[in-house]
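Have a look at the structure below before the remarks.
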Amino acid sequence: MNRVEARLARERRTISVMIGMYCRAHHQPVSGLCPACAELEAYALLRIEKCPFGWRKPTCAKCPIHCYKPEMRERVRQVMRYAGPRMLLRHPLLAALHLLDGWRAPPQRP
Ligand SMILES: [Zn+2]
């Protein structure tokens, strides 16, 4: 796996882990994710895949584009607000790498 793929694979894993933590705490899914969170995850993964910045993708919080539609953006914000602080305890490496990604200045255009 090259650097680009590794970076994007980590983004996908980070968002999946965060949605999983949020769903388990709020929706008590029988297994995996509840239907609403599965939809949110699929949407988030698609946004990452389609991101016009490609491997230079800033973390979504810093992105100048904000490609999420408003409803999904609000839902993902709730997930981040809940799972963000918990990531540091449960997945410190992923959380630290995501923070590092966030420190890089976002590119101004794709
Ligand atoms: Zn859920």
All pairs passing salt bridge (charged side-chain N to carboxylate O under 4.0 Å, His left out) where residues 8-22 contributes a residue, at least two apart | Arg7-Glu11, Arg10-Asp101, Glu11-Lys57

Could you go through residues 39-50 and list every donor-acceptor pair under 3.5 Å that involves a side-chain atom there, pairing it with any protein atom two or more places apart or in another chain?
unit_1: Glu41; atom_1: OE2; unit_2: Ser16; atom_2: OG; d: 2.7
unit_1: Tyr43; atom_1: OH; unit_2: Lys69; atom_2: N; d: 2.9

Between NE2 of His26 and SG of Cys37, what distance do you get to the nearest 0.5 Å?
-> 9.5 Å

Which pair of heavy atoms, one from Gly32 and one from Pro29, lies closest together, and at what distance?
-> O-CG, 3.2 Å

With Glu74, which residues qualify under side chain to side chain contact (heavy atoms under 4.5 Å, CB included), at least two apart?
-> Arg77, Gln78, Arg81

Summary of salt bridge (charged side-chain N to carboxylate O under 4.0 Å, His left out) pairs that have at least one residue in residues 18-27, sequence neighbours excluded | none

Ala38 meets the side chain to side chain contact (heavy atoms under 4.5 Å, CB included) criterion, sequence neighbours left out, with Leu33

For residues 83-91, dump all side-chain donor-acceptor pairs below 3.5 Å to protein atoms at least two apart in sequence or in another chain.
unit_1: Arg86; atom_1: NE; unit_2: Tyr82; atom_2: OH; d: 3.4
unit_1: Arg86; atom_1: NH1; unit_2: Tyr82; atom_2: O; d: 2.7

